[in-house]
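Everything below concerns the one structure shown next.
Side-chain atoms are counted along with the backbone in the values below, which use heavy atoms only and exclude waters and symmetry mates. Below, read A as the first sequence line, B as the second, and so on, with proteins coming before strands; counting in each chain starts at 1.
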2 protein chains.
Amino acid sequence: MPDLPKDLIAASSFPMILAVLAKGESYGYEIIKAIKEQSNGQLEFAEGTLYPILKKMEAHQWIASKWYKAENGRERKYYKLTSLGKKQLQTEKENWQSVNQILQNLWQLNFNYQ
Amino acid sequence: MPDLPKDLIAASSFPMILAVLAKGESYGYEIIKAIKEQSNGQLEFAEGTLYPILKKMEAHQWIASKWYKAENGRERKYYKLTSLGKKQLQTEKENWQSVNQILQNLWQLNFNYQ
DNA sequence: CAAATATACATAGAACTACTATGTATATTC
DNA sequence: GAATATACATAGTAGTTCTATGTATATTTG
């Protein structure tokens with residue numbers, strides 16, 4: 001299967017990451033893994049892609065971070081959704097659903113014309 | 001309803017325009033109107049947005065254009081899907097459906113946790 | 001035990017893209 | 001005749017993305 005186009009990955013990155021964090025707080029590396037698993041390997045965010053997004057979300061106050069120490073002593077930066085972030089997740093979802101509905105309707109028309 | 005984010009509009013522009021042309025050949029201004037109607041006004045491509053996209057699609061040979069003269073004597077540039085374009089429409093659709101499915105699965109998980 | 005890999009976070013800047021701003025032009029409406 | 005709609009077009013600015021590269025430590029492998 002061909003790689004997904006960059007613009008589509010970019011457009012879905014925010015809703016996707018917010019959705020992962022809605023399941024529970026998580027840290028960068030684990031978020032990457034969760035998305036890879038959820039997409040059966042179709043999507044794999046590089047760290048250099050993910051951390052700027054997390055930084056931006058934090059700047060928007062959609063998420064908040066906190067350092068924790070893992071069992072092996074490693075430091076991990078955990079992110080969790082804020083109430084603002086939950087609202088934004090809802091907004092991202094509605095936006096996506098809107099565009100998706102428009103596309104599905106158009107494709108339905110295409111199908112009917114075939 | 002708030003405006004849709006630019007990145008989502010950008011990511012969906014190609015599949016959307018290809019889908020409009022799958023219904024039948026059309027010209028620029030009419031494509032803009034078709035999308036506006038199909039989206040109940042949520043989406044409104046500016047000409048400065050549309051024509052570079054059409055140009056790019058033509059460069060990819062997904063569409064072909066031809067000048068026709070309208071009833072009032074005005075020249076119109078009609079675009080139609082090529083067989084390559086039909087394949088690309090299918091690819092765009094599959095890509096979108098892939099990402100959409102990933103998001104819907106994640107949102108389903110979110111819903112179950114609420 | 002050393003090398004390789006995995007884990008974990010981070011940022012600069014080059015490359016790329018989008019779309020606004022602006023343009024030309026003619027038909028129609030007010 | 002002015003305003004608006006219709007019709008097509010492009011340059012270049014602004015913004016964005018993500019690659020490349022970095023630091024660092026734990027674990028696995030040979």
Side-chain angles (χ1 to χ4, degrees), chain A residues 3-17 20-21 25-37 41-60 63-80 92 99, chain B residues 3-17 20-21 25-37 41-60 63-80 92 99:
Chain A
D3 289 333
L4 293 166
K6 285 171 184 270
D7 63 336
L8 191 46
I9 296 179
S12 59
S13 60
F14 273 66
M16 200 165 290
I17 292 164
V20 166
L21 289 175
E25 67 184 290
S26 188
Y27 58 99
Y29 199 80
E30 192 179 61
I31 293 169
I32 288 172
K33 285 201 291 178
I35 289 176
K36 185 174 183 182
E37 285 160 13
Q42 277 196 277
L43 283 168
E44 182 158 10
F45 283 86
E47 283 121 321
T49 302
L50 178 74
Y51 286 102
I53 291 173
L54 291 175
K55 196 156 189 151
K56 195 175 293 180
M57 286 181 172
E58 202 161 11
H60 280 92
I63 63 177
S65 66
K66 194 171 185 181
W67 286 95
Y68 284 102
K69 186 163 278 185
E71 285 157 15
N72 60 5
R74 291 296 295 279
E75 293 280 303
R76 281 179 182 154
K77 202 175 194 183
Y78 276 84
Y79 299 88
K80 94 190 270 182
E92 299 276 346
V99 174
Chain B
D3 290 334
L4 293 165
K6 285 170 182 268
D7 63 336
L8 190 45
I9 296 179
S12 59
S13 61
F14 273 67
M16 198 163 293
I17 292 162
V20 165
L21 290 176
E25 67 184 289
S26 188
Y27 58 99
Y29 200 80
E30 193 179 60
I31 293 169
I32 288 174
K33 283 203 291 180
I35 290 176
K36 186 174 183 181
E37 285 161 13
Q42 276 197 277
L43 283 169
E44 182 157 12
F45 283 88
E47 284 121 319
T49 302
L50 179 73
Y51 287 104
I53 291 174
L54 291 175
K55 195 157 192 154
K56 194 174 294 179
M57 286 181 170
E58 202 162 11
H60 279 92
I63 64 178
S65 66
K66 197 171 181 180
W67 286 95
Y68 284 103
K69 188 162 277 184
E71 285 157 17
N72 59 5
R74 291 295 297 276
E75 294 278 305
R76 281 180 183 152
K77 203 175 193 182
Y78 275 85
Y79 299 87
K80 94 189 271 184
E92 298 278 346
V99 174

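- Taking atom CD on A:E75 and atom P on D:dA26, their separation rounds to 11 Å, with Å as the unit.
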Next on the checklist: Within the 4.0 Å limit for protein heavy atoms, which parts of nucleotides 17-30 of chain C are touched? Write it as a string from 5' to 3', B for base, S for sugar-phosphate only, - for none.
Outcome noted: -SSBB---BBSS--
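- If you take CD1 of A:I32 and P of C:dA6, they are 14 Å apart, rounded to a whole angstrom.
- The shortest distance between side-chain heavy atoms of A:E92 and B:L8 does not fall below 4.5 Å.
- Between B:L54 atom CG and D:dA7 atom C1' there is a gap of 12 Å when expressed in whole angstrom units.
- When rounded to the nearest whole Å, the span between NZ of B:K66 and P of D:dC8 equals 16 Å.
- Straight-line distance from the OH atom of A:Y51 to the C1' atom of C:dA12: 18 Å, rounded to whole Å.
- When the C1' atom of D:dC8 is taken as reference, atom CZ of B:R76 falls 12 Å away, rounded to whole Å.
- Taking the side-chain hydrogen bond (donor to acceptor under 3.5 Å, both in side chains) definition, one finds that A:E58 meets it with A:S65, sequence neighbours left out.
- In this structure, the nucleotide among C:dC9, D:dA7, D:dA9 sitting nearest to the side chain of B:Y29 is D:dA7.
- Legend: residues meeting side-chain hydrogen bond (donor to acceptor under 3.5 Å, both in side chains) with A:E30, ordered by chain and number and at least two apart, are A:S26.
- Among residues two or more places apart in sequence or in another chain, the side-chain hydrogen bond (donor to acceptor under 3.5 Å, both in side chains) test is passed with A:K55 by none.
- Residues passing the side chain to side chain contact (heavy atoms under 4.5 Å, CB included) test with A:L50 are A:I17, A:I31, A:I32, A:L54, sequence neighbours excluded.
- Applying the ring pair (Phe, Tyr, Trp, His ring centres under 6.0 Å) rule to B:Y68 yields the partners B:Y78; only residues at least two apart in sequence or on another chain are considered.
- The separation between A:M16 atom CE and D:dT17 atom C1' is 16 Å, rounded to whole Å.
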Next on the checklist: Please determine whether side chain to side chain contact (heavy atoms under 4.5 Å, CB included) holds for the pair A:F14 and A:K56, giving the CA-CA distance in whole Å, both sets of side-chain angles, and the decisive distance to 0.1 Å.
Outcome noted: CA-CA 10 Å; A:F14 273 66; A:K56 195 175 293 180; 3.8 Å; yes
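- Contact annotation: A:Y27 side-chain N/O to C:dC9 OP1/OP2 distance is not under 4.0 Å.
- For B:W67, taking side-chain heavy atoms from C-beta onward, the closest of the listed nucleotides C:dC9, D:dT6, D:dA9 is D:dA9.
- Within the nucleic acid shown, A:Y78 has no heavy atom closer than 4.0 Å to any nucleic acid atom.
- When the P atom of D:dT19 is taken as reference, atom CG of A:L50 falls 13 Å away, rounded to whole Å.
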